[in-house]
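Quick notes on the structure that follows.
Whatever order the structure lists ligands and atoms in, that order sets their numbers, starting from 1. For this chain, numbers begin at 1 and follow the sequence in order.
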Amino acid sequence: MVDKQNDYNENQIQVLEGLEAVRKRPGMYIGSTGPKGLHHLVYEIVDNAIDEALAGYCTEIEVEILPGDIIRVTDNGRGIPTGIHPKEKISAATVVYTILHAGGKFGGGGYKVAGGLHGVGASVVNALSEYLELTVYDGTHIHFQRFDRGNYSEPLKIIGDTDKTGTSVLFKPDPEIFQETTVFDYETLLKRLREQAFLNAGIKIIFTDKRNESEPVGETLHYEGGIRQFVEHIHKTRGVTPLSEEVIYVNGMEGDTFAEIALQYNDTYNDLILSFANNIHTPDGGTHETGFKNALTKVINNYGKKFGYLKDDDKLLGDDVREGLTAIVSVKLTNCEFEGQTKGRLGNPEVRPFVDKIVTEKLMNYFEENPTVAKAIFDKSVQAQKAREAAKKARELTRRKSALESSSLPGKLADCSERDASLTEIYIVEGDSAGGSAKEGRDRKYQAILPLWGKMLNVEKARIDKVYGYEKLKPVVTALGTSIGEDFDLTTLRYGK
Ligand code: 1YM
């Protein structure tokens with residue numbers, strides 16, 4: 001934030017030194033100068049447009065990749081203020097694009113998307129661009145300014161009339177900075193823009209790749225259903241079948257803090273919980289995710305108790321109630337605190353009881369109003385609990401067994417004589433005849449052959465208790481020597497390749 005009491009000189013020094021500092025150590029501001037940092041430039045500008053949408057003034061954002069990997073982002077918001085900044089004596093828009101710490105909005109209030117950079121995004125993008133052109137439509141005039149590596153020779157100027165309002169920013173990332181590549185990846189940008197469209201229901205993001213002039217490609221990302229459609233999209237793209245038709249959605253607001261959760265179960269045994277704070281993905285979870293998980297476990301257990309499906313001392317664990325779950329947890333607050341090495345976890349302690357309360361109350365209500373869905377979810381959790389117990393037994397059995405017959409290798413394995421695993425290879429072949437010819441051609445000092453028959457289990461899709469019990473898999477596990485699941489130990493691997 002700019003301290004309005006700061007005097008003119010201080011900001012003038014910042015213009016010169018600030019952007020120079022960004023060019024000298026770009027990694028400090030955008031993480032890296034590799035592809036990740038390159039794409040980050042787009043997110044920074046788009047985030048400003050999304051902030052304008054969250055403030056309620058912008059409904060449409062256009063993102064274009066132009067020939068030469070030039071990016072243009074255009075919104076239909078109010079337009080960055082063009083008036084002369086009283087202290088700086090230059091246009092406010094110029095201040096936003098040239099002064100490192102002027103990114104945080106002057107006005108204050110409202111949610112700010114910019115997580116990593118705390119709103120210094122625009123000037124950082126400017127500093128790291130070979131050139132950047134800023135156009136502001138204020139409903140009367142079109143204002144324009146060009147920058148070269150952050151410097152400008154002319155002030156923001158009126159270049160025409162308009163009845164539109166909005167902001168348009170065109171920039172070309174500087175190849176002197178992004179030495180590895182300045183080529184944008186369509187799918188990377190699409191994924192991020194789609195995510196933003198899901199997280200901000202109703203915003204329309206029009207994305208077009210115009211690099212191939214004769215054949216532009218793109219997509220309009222516009223989801224009135226918001227994060228509900230995010231869950232549907234995940235299930236559709238992963239090709240999994242939902243347990244019930246409808247995505248469950250709950251939300252709540254307290255003061256300036258808003259939370260919304262969408263969830264649906266599917267026919268797999270994996271869970272996927274994606275959490276966000278102010279539209280920023282929190283891959284390491286945090287207080288919002290913990291609040292949700294606790295509440296979910298509590299509600300499903302309470303449901304089982306209330307309807308007499310669970311005995312007093314019987315309890316479903318978190319892992320049981322999350323089997324096959326896809327959920328989006330999104331919170332918006334005015335003071336996000338990100339924690340951890342990579343700032344991937346939300347820290348605000350007040351968010352945990354807040355999310356817990358919303359989910360507990362509203363999911364309980366949902367279960368009461370939708371008994372069929374509730375019972376299906378509960379039964380699935382009980383199945384998971386049973387499988388967990390079966391897996392535990394199977395694991396104990398394998399442990400006891402392997403303690404007895406410790407070093408017995410599968411009969412069909414043609415082992416190699418070398419014992420140093422860094423030098424050895426195993427070939428897993430199908431059937432005896434393949435095994436036979438492989439054995440003839442091998443170097444028996446370094447190469448081992450293991451023939452297998454019949455249909456192998458897809459362990460990625462199967463529950464762990466089934467994996468433990470699968471006879472055809474046992475020779476593979478014993479030959480590799482690492483065991484599986486909780487007992488997995490890579491240091492006992494018997495072959496290097
Ligand atoms: C294509 C990128 O930057 N849009 C944008 C930015 C701003 C505003 C509107 C805006 C904000 C405010 C008031 C406010 C910004 N303004 C500033 C600052 N699109 C894009 N659209 N009026 C307009 O926050 O009070 C920084 S960003 F600081 F000048 F107000």
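- Arg192 and Asp47 are joined by a salt bridge, as a carboxylate oxygen and a charged side-chain nitrogen come within less than 4.0 angstrom of each other.
- A salt bridge does not link Arg228 with Glu246: none of the charged nitrogens is closer than 4.0 Å to a carboxylate oxygen.
- The six-membered or imidazole ring of Phe207 lies near that of Tyr186, with a centre-to-centre distance under 6.0 Å.
- With sequence neighbours excluded, the residues that form a side chain to side chain contact (heavy atoms under 4.5 Å, CB included) with Asp161 are His141.
- Of all the atoms in ligand 1, the ones that sit under 4.0 Å from a non-hydrogen atom of Thr167 are 1 (C), 4 (N), 5 (C), 19 (N), 20 (C), 21 (N).
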List the atom pairs, donor and acceptor, that lie under 3.5 Å between side-chain atoms in residues 127-135 and the rest of the protein, sequence neighbours left out.
residue, atom, partner, partner atom, Å
Ser129, OG, Val125, O, 2.7
Glu130, OE1, Lys172, NZ, 3.2
Glu133, OE2, Arg146, NH1, 3.2

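- Using a non-hydrogen distance threshold of 4.0 Å, Gly79 registers as a contact of ligand 1.
- Only the side chain of Val96 comes within 4.0 Å of ligand 1, judged by heavy-atom distances.
- Here is the list of ligand 1 atoms found below 4.0 Å of a heavy atom in Asn48: 3 (O), 20 (C).
- Residue-to-ligand polar distances keep Thr74 apart from ligand 1: every N/O pair is separated by 3.5 Å or more.
- Of all atoms in ligand 1, numbered sequentially from 1 with element shown, those under 4.0 Å from a heavy atom of Ile45 are 1 (C), 2 (C).
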Stepwise side-chain contact (heavy atoms from CB on, under 4.5 Å) test for Ile45 and Ile71: CA-CA 10 Å; Ile45 301 299; Ile71 297 287; over 6 Å; no
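- In Asp75, the part holding a heavy atom less than 4.0 Å from any atom of ligand 1 is the side chain.
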